[in-house]
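One structure is given below, encoded as structure tokens.
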Amino acid sequence: MNAKRQPASTAAKTKLFVLDTNVLMHDPNCLYRFEEHDIFIPIQTLEELDAHKKGMSEVARNARQASRMMDDIVTSAPDGIETGIELTEPSRELATGRLFVQTEAIPIQLPVNVPTAKADNQILAVVHYLATKFPKRPVILVSKDINMRIKARAMGLDAQDYFNDKVLEDTDLLYTGVRELPADFWDTHGKDMESWKENGRTFYKLRGPLSAELVVNEFVYQEGERPLYALVKERTGPTVVLETLIDFSHQKNNVWGITARNREQNFALNLLMNPDVDFVSLLGQAGTGKTLLTLAASLTQVLETKRYSEIIMTRVTVPVGEDIGFLPGTEEEKMAPWMGALEDNLDVLNGNAEEGGHYGGEWGRAATRDLIRTRIKIKSLNFMRGRTFINKFLIIDEAQNLTPKQMKTLITRAGPGTKVVCLGNIAQIDTPYLTEGSSGLTYVVDRFKGWAHSGHITLQRGERSRLADWAGEVL
């Protein structure tokens with residue numbers, strides 16, 4: 001590598017990032033994510049990309065995509081690659097640094113007890129060589145491998161994780177969809193307030209210091225003598241319109257026999273039953289009622305109000321323990337073992353329908369179960385690409401195990417009249433290489449925030465049983 005072409009002042013300011021293979025396989029577009037800084041690709045990284053390019057897995061696809069992107073960049077360089085390739089034009093000005101590819105043999109100078117044949121250690125040797133060659137420039141290894149970063153720091157080298165894929169560093173800051181109004185809210189926002197009724201709902205048009213912070217479709221509440229539960233319907237500049245909610249905790253508003261047991265469940269049902277909301281995300285610990293509420297809302301809107309033609313349910317097939325191997329049968333039969341949660345919730349809903357007097361006796365219960373079965377389709381994620389769902393209620397369960405790219409593939413399947421509901425618990429990620437910050441579920445919650453046709457609720461309280469609640473706290 002030759003950095004003579006760059007002015008000394010610029011070289012001192014910009015960093016030189018050495019990329020590990022796993023960064024390129026995690027995000028092939030990472031070459032354009034380092035802004036004004038330079039990137040160095042060791043030969044060993046290219047060797048590992050070559051080794052991983054075969055197959056149909058997400059990793060293999062990403063390896064091929066990264067190779068193609070590098071080929072485009074290298075082909076576009078008129079002066080060869082020894083002096084570094086300007087990224088401004090290939091990246092359409094997303095990055096203004098240079099791409100350097102290792103073009104010379106680099107002497108391996110590592111501590112005696114570190115095996116030099118290992119690929120990771122050869123990349124570390126490159127980082128060590130560059131740090132020695134450019135002492136005034138920050139040379140930083142970027143790797144998704146924790147042990148690689150620890151080894152680098154143990155050798156006195158700079159190393160960091162690839163942060164560009166993380167939506168949030170701290171998931172405690174993730175949007176919850178709920179906000180408690182301060183006690184003096186009406187005093188500070190009540191001046192010049194307008195109020196009117198429409199379709200049985202009350203609307204409040206007001207302005208005040210909190211208006212700028214409120215998000216469209218965010219739920220606001222105030223407990224006390226005169227409790228208020230409302231939704232931010234619209235926001236224009238300093239003015240917001242609040243709309244009161246349907247009380248789904250009351251038996252007269254039950255949804256397939258289910259009533260809301262707490263405030264957040266009531267908010268969730270308001271989103272699930274609202275035809276103007278096309279996308280709903282529900283986050284919460286085990287036992288907060290995510291699947292039960294969603295299924296109750298979907299059955300009511302498919303079988304009673306006929307708003308949607310059928311329910312499609314899908315989830316990522318990531319086992320918690322060891323995999324049990326190939327499963328026999330059709331696509332639906334193969335998915336059946338993964339759908340235990342669906343069966344459990346349908347049993348509850350069937351019981352509710354019978355108690356509610358919808359259907360009489362054992363015959364009625366069996367007929368209901370068969371009717372429900374014909375309206376619920378269980379689909380595998382593997383066959384979703386290229387499909388379009390029209391007028392369907394699409395439920396994506398265990399969505400925390402999806403990558404942002406997979407999430408995009410799924411949600412873009414929605415055709416006219418389709419509602420998409422994502423359920424998950426970001427504390428239970430089973431997919432390797434995904435964290436709470438980079439999960440597809442965190443990604444969509446953050447990106448859909450404030451859109452007029454989407455809503456999000458983080459369910460707080462477990463309603464499964466006292467045993468489950470206690471286990472959730474102490475274990």
Side-chain angles (χ1 to χ4, degrees), residues 1-3 6 11-31 33-52 59 62-63 66 70 84 95 97-172 403 429-439:
M1 172 191 152
N2 185 355
Q6 258 189 328
K13 282 180 204 164
T14 58
K15 298 170 182 172
L16 181 60
F17 288 106
V18 182
L19 300 193
D20 191 4
T21 321
N22 47 45
V23 176
L24 287 158
M25 291 194 296
H26 179 78
D27 178 11
N29 297 317
C30 67
L31 295 169
R33 305 278 196 229
F34 290 90
E35 297 173 346
E36 77 274 17
H37 305 292
D38 293 345
I39 299 167
F40 188 93
I41 308 288
I43 284 294
Q44 192 57 48
T45 295
L46 295 175
E47 290 285 350
E48 286 192 294
L49 268 185
D50 191 53
H52 285 93
V59 167
N62 284 355
M70 257 187 284
R98 285 170 172 261
L99 172 69
F100 293 94
V101 179
Q102 183 185 337
T103 56
E104 58 183 336
I106 286 176
I108 294 177
Q109 295 173 328
L110 290 172
V112 180
N113 56 344
V114 176
T116 53
K118 204 172 175 195
D120 283 2
N121 296 338
Q122 289 185 28
I123 293 171
L124 287 172
V126 171
V127 180
H128 181 269
Y129 169 79
L130 292 172
T132 311
K133 188 173 180 181
F134 305 107
K136 291 186 179 177
R137 231 185 143 180
V139 177
I140 302 161
L141 169 70
V142 182
S143 176
K144 299 290 296 173
D145 184 344
I146 296 170
N147 292 327
M148 178 90 154
R149 298 200 300 267
I150 293 169
K151 278 198 285 187
R153 290 188 189 113
M155 293 177 191
L157 305 170
D158 275 351
Q160 66 181 46
D161 193 1
Y162 177 65
F163 295 112
N164 201 277
D165 64 323
K166 286 186 170 59
V167 180
L168 290 171
E169 280 305 302
D170 184 0
T171 46
D172 291 340
T403 65
I429 295 176
D430 303 313
T431 310
Y433 318 119
L434 271 189
T435 62
E436 292 183 0
S438 60
S439 162

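Basis for what follows: all heavy atoms, side chains included, without hydrogens, waters or symmetry-related copies. We're numbering straight along the sequence, starting at 1.
- One N or O on the side chain of T45 and one on the backbone of L19 form a donor-acceptor pair closer than 3.5 Å.
- By the 4.0 Å N-to-carboxylate-O rule, K144 lies close enough to D161 to be salt-bridged with it.
- Here the shortest heavy-atom pairing between A125 and I106 reads O-CG2, 4.4 Å.
- Atom NE2 of H52 and atom CG of N62 lie 12.0 Å apart (nearest 0.5 Å).
- The shortest distance between side-chain heavy atoms of L434 and T403 falls below 4.5 Å.
- To the nearest 0.5 Å, atoms CE (M70) and CG (L49) are separated by 5.0 Å.
- Nearest heavy atom pair, residue D38 against residue R98, reads OD1-N, 2.9 Å.
- Taking 4.5 Å as the limit, every side-chain heavy atom of M155 sits out of range of all side-chain heavy atoms of V127.
- Between E104 and K133, the shortest heavy-atom distance links the atoms OE2-NZ, 3.8 Å.
- Rounded to the nearest 0.5 angstrom, L16 CG and F134 CZ are separated by 7.0 Å.
- One distance of note links CD of E36 with OG1 of T14; it measures 7.5 Å at 0.5 Å rounding.
- Partners of A152 under the side chain to side chain contact (heavy atoms under 4.5 Å, CB included) rule, at least two apart in sequence or in another chain, are L124, L141, L157, A159.
- Under the side chain to side chain donor-acceptor pair (under 3.5 Å) criterion, N29 pairs with no residue at all, not counting sequence neighbours.
- Using a distance-only test at 3.5 Å, with no hydrogens or angles considered, a donor-acceptor pair links the side chain of T132 to the main chain of H128.
- By the side chain to side chain donor-acceptor pair (under 3.5 Å) test, T21 pairs with E48, sequence neighbours left out.
- Nearest heavy atoms, A95 versus L31: CB-O, 4.5 Å.
- Every residue meeting the ring-ring contact (aromatic ring centres under 6.0 Å, His included) condition with F34, not counting sequence neighbours, appears here in chain and number order: F17.
- For the residue pair V139 and V18, the shortest heavy atom distance occurs at CG1-CG2, 4.1 Å.
- Q44 meets the side chain to side chain donor-acceptor pair (under 3.5 Å) test with no other residue; sequence neighbours excluded.
- Side chains of L24 and I41 form a contact here, defined as non-hydrogen atoms less than 4.5 Å apart.
- Of all heavy-atom pairs between C30 and I39, the closest is O-CD1, 4.5 Å.
- Sorted by first and then second residue, the pairs that involve residues 150-159 and meet side-chain hydrogen bond (donor to acceptor under 3.5 Å, both in side chains), not counting sequence neighbours, are N121-K151.
- Other residues, nucleotides and ligands contribute only 12 or fewer heavy atoms inside 6.0 Å of the CD atom of E35.
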